[in-house]
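None of these values were measured; they are calculated from a predicted model. We count residues from 1, following the sequence as given.
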Amino acid sequence: EVLRAANQGRDLKYLTKLIADAKTPTDVAKATKASWLRRAGGAMYEFWINNLLGSFGTHIKNGTGNSLTALLALPEHYVAAGIGGARKMMGIGSAERITIGETNAMAYGLVQGVEDGITVFMERLAKDQGEMGLIDPSNMKMEYFRQPQFTATNWGANENSHLGRSIDFLGKWYVRLPGRFLEAEDELFKAIGYRMEINRLAYHQASKEGLTPGTNAFYDRIHDLVSEPPVDLHADAIHFARYQTFTNDLTGNMGPAALLFQQTPVGRFMIPFLRTPVNILKYGLARTPVGGFLPSVMKDLKAGGPAADLAMARMSMGSFIALAFVASSNNYDEEGRYRPKITGAGPSDPDIAAQWRNYGILPYSWYNEETQTYVPYVVLEPFGTVLATMANGAEVLNNVHDPQDRENVISAMVLGIAEYTTEKSYMQGVTQMVDILRGRGLGSTATNIAASYNPSGTSFFSKISRDMDGVKR
């Protein structure tokens with residue numbers, strides 16, 4: 001019975017070894033108690049992780065960000081097609097390129113993907129958290145627990161008893177509901193991304209095989225490739241779907257080291273989510289003038305061909321859109337008070353910074369002329385990173401008149417990115433960890449973690465009601 005209760009087999013080898021090494025009944029009792037504490041700790045950690053995701057605003061941000069990335073992929077590929085066409089005319093580089101036709105196929109895939117996505121969203125929502133993904137089993141936004149933890153078995157209750165069934169029901173429909181919604185959203189946008197890319201790749205492959213676009217043979221070949229994609233096309237489409245949903249594997253030397261730290265008792269609380277925030281930051285930076293310094297972008301530029309065309313399209317498109325917003329930063333209201341439409345880090349001069357605060361001007365925000373208030377643009381992530389980068393550069397150009405100081409625009413952008421990143425909620429754990437290492441912030445960090453366990457209002461439905469309630473209480 002003890003072995004059966006060992007976390008549905010997950011700790012079976014661990015507990016078997018403990019009991020085998022036990023020499024007395026007291027040792028066996030200690031081993032059993034240690035296993036129960038371990039499983040109960042996992043249940044409470046699952047409760048905490050899902051509690052972090054309980055806000056309705058979190059899911060609005062996730063949906064908004066993924067919708068914007070899906071839409072932006074189309075103009076980026078059209079621009080890349082233009083770059084590739086110009087490159088072909090000048091006889092530069094590889095003859096292989098992204099074409100307008102395959103990008104049109106990608107746009108059609110976006111429409112098809114919405115229908116696919118809604119279907120897998122509903123199917124995923126019906127499954128319990130930790131069950132395998134429908135499209136991408138291994139890379140999900142929930143980075144923990146392939147099996148549910150808040151269960152009757154892990155709390156030592158008989159799963160067939162009234163108490164056991166109540167605990168299991170509570171775990172599925174209360175504790176794990178926020179995480180299940182997140183994974184369902186993840187599946188929806190992966191379905192869209194997969195369909196977009198598999199359509200584009202199928203069009204590209206049919207053209208590469210010498211078939212003429214517009215003929216029955218051409219479209220029959222596309223249908224066959226989409227219905228039963230070869231291994232390489234399927235893998236490329238999955239990679240694109242992961243990239244679009246910020247769930248692709250971390251690369252470089254820091255990735256594995258950070259993941260190892262995340263699995264430590266301290267790291268589990270300091271950085272409960274790592275892969276998605278890092279990928280969001282990299283996605284945003286790749287669409288700014290400093291994107292060329294990212295190893296992944298440098299690799300694409302060096303490779304040449306379609307990869308380089310797309311990398312240049314991303315940098316130019318993101319920078320142009322952000323610059324269009326930031327160009328209107330010099331704005332004044334009807335009373336003649338300075339009201340920048342987009343703000344970066346803000347002035348470094350303490351007196352001017354104090355004036356900004358008195359006027360209600362917030363850093364890293366956009367000005368809502370209707371309400372005459374500043375709204376943080378972090379909700380637009382990953383495009384918040386693009387706006388923050390360009391806004392920091394614009395503030396330097398607007399406020400510095402010495403040509404020598406203006407050369408520091410790129411430095412201001414990079415430093416601004418670092419500051420903007422630490423302002424985000426998902427990076428607060430890292431910021432707190434740095435404060436602890438400096439000898440301060442230990443008490444507040446412990447208080448914040450303890451407060452996040454507060455069960456009051458942790459229900460997903462209660463948080464939806466509170467987030468949609470216009471009255472502050």
Where the side chain of [X] meets the backbone of [Y], is there a donor-acceptor pair that is under 3.5 Å apart?
{"X": "Asn50", "Y": "Gly179", "value": "yes"}
{"X": "Thr119", "Y": "Glu115", "value": "yes"}
{"X": "Arg180", "Y": "Leu125", "value": "yes"}
{"X": "Asn154", "Y": "Ala40", "value": "no"}
{"X": "Thr103", "Y": "Gly101", "value": "no"}
{"X": "His77", "Y": "Ala73", "value": "yes"}

If every non-hydrogen atom of [X] is compared with every non-hydrogen atom of [Y], which pair is closest and at what distance?
{"X": "Pro376", "Y": "Trp366", "result": "O-NE1, 4.4 Å"}
{"X": "Leu53", "Y": "Pro178", "result": "O-CB, 3.6 Å"}
{"X": "Val79", "Y": "Ser316", "result": "CG1-OG, 4.3 Å"}
{"X": "Pro340", "Y": "Tyr374", "result": "O-OH, 2.8 Å"}
{"X": "Ala152", "Y": "Asp168", "result": "N-OD1, 2.8 Å"}
{"X": "Gly164", "Y": "Ala157", "result": "CA-CB, 4.3 Å"}

Exercise. Answer whether the closest heavy-atom distance between the side chains of Thr99 and Ser207 falls below 4.5 Å.
Key: no
*Between Arg268 and Trp48, is NZ or CZ placed under 6.0 angstrom from the six-membered ring centre and within 45° of the ring axis?*
no
Keeping to residues at least two apart or across chains, list the salt bridge (charged side-chain N to carboxylate O under 4.0 Å, His left out) pairs with something in [range].
{"range": "residues 191-217", "answer": "Glu102-Arg200, Asp116-Arg195, Glu197-Arg200, Glu209-Arg221"}
{"range": "residues 71-85", "answer": "Glu76-Arg287, Glu76-Arg314"}
{"range": "residues 290-313", "answer": "Arg87-Asp309"}

(request) Consider only side-chain N and O atoms of Gln244 and Asn66, and report whether a donor and an acceptor are under 3.5 Å apart. (result) no
- Item | Any donor-acceptor N or O pair under 3.5 Å, side chains Thr151, Lys172 | no
Side chain to side chain contact (heavy atoms under 4.5 Å, CB included) test vs Thr245 passes for just one of Asn279, Ile192, Asp186, namely Asp186
Result for side chain to side chain contact (heavy atoms under 4.5 Å, CB included) between Met315 and one of Leu310, Leu285, Thr288, Val297 points to Val297
Report task. Please test Val290 against Phe293 for side-chain contact (heavy atoms from CB on, under 4.5 Å), starting from the C-alpha separation and ending with a verdict. Result -> CA-CA 6 Å; Val290 301; Phe293 296 103; 4.2 Å; yes
Please report the interatomic distance [atom1]([X]) to [atom2]([Y]), rounded to the nearest 0.5 Å.
{"X": "His223", "Y": "Glu228", "atom1": "NE2", "atom2": "CD", "result": "9.5 Å"}
{"X": "Lys341", "Y": "Asn368", "atom1": "NZ", "atom2": "CG", "result": "11.5 Å"}
{"X": "Leu281", "Y": "Phe246", "atom1": "CG", "atom2": "CZ", "result": "11.0 Å"}
{"X": "Met196", "Y": "Leu201", "atom1": "CE", "atom2": "CG", "result": "11.5 Å"}
{"X": "Ile280", "Y": "Thr385", "atom1": "CD1", "atom2": "OG1", "result": "8.0 Å"}
{"X": "Lys88", "Y": "Arg97", "atom1": "NZ", "atom2": "CZ", "result": "5.0 Å"}

| Can Phe169 and Tyr174 be said to form a side-chain contact (heavy atoms from CB on, under 4.5 Å), step by step? | CA-CA 8 Å; Phe169 181 86; Tyr174 183 90; over 6 Å; no
Donor-acceptor contacts, no H, no angles, side chain residues 210-220, under 3.5 Å, sequence neighbours left out:
residue: Thr215; atom: OG1; partner: Thr212; partner atom: O; Å: 2.7
residue: Thr215; atom: OG1; partner: Phe218; partner atom: N; Å: 3.2

By side-chain contact (heavy atoms from CB on, under 4.5 Å), Val111 pairs with (sequence neighbours left out) none
Is the closest basic N to carboxylate O distance between Glu46 and Arg176 below 4.0 Å? yes
Check: Should the pair Arg124-Glu185 be classified as a salt bridge under the 4.0 Å nitrogen-to-oxygen rule?
Finding: no
Practice prompt. Just do the side-chain contact (heavy atoms from CB on, under 4.5 Å) check on Leu177 and Phe181 with the steps written out, would you?
Written response: CA-CA 6 Å; Leu177 188 59; Phe181 259 96; 3.8 Å; yes
**Prompt:** So does Tyr243 have more than 12 non-hydrogen atoms from other groups sitting under 6.0 Å from OH?
**Reply:** yes
Q: Would you sort out whether Ser365 and Val375 count as a side-chain contact (heavy atoms from CB on, under 4.5 Å), showing the intermediate values?
A: CA-CA 5 Å; Ser365 303; Val375 182; 5.7 Å; no
The ring-ring contact (aromatic ring centres under 6.0 Å, His included) partners of Phe240 (sequence neighbours excluded) come to none
Exercise. Parallel, tilted or perpendicular: which describes the rings of Phe383 and Tyr283, with under 30° parallel and over 60° perpendicular?
Worked result: perpendicular
### Message
Please determine whether side chain to side chain donor-acceptor pair (under 3.5 Å) holds for the pair Asn104 and Tyr78, giving the CA-CA distance in whole Å, both sets of side-chain angles, and the decisive distance to 0.1 Å.
### Response
CA-CA 9 Å; Asn104 290 338; Tyr78 280 120; 2.5 Å; yes
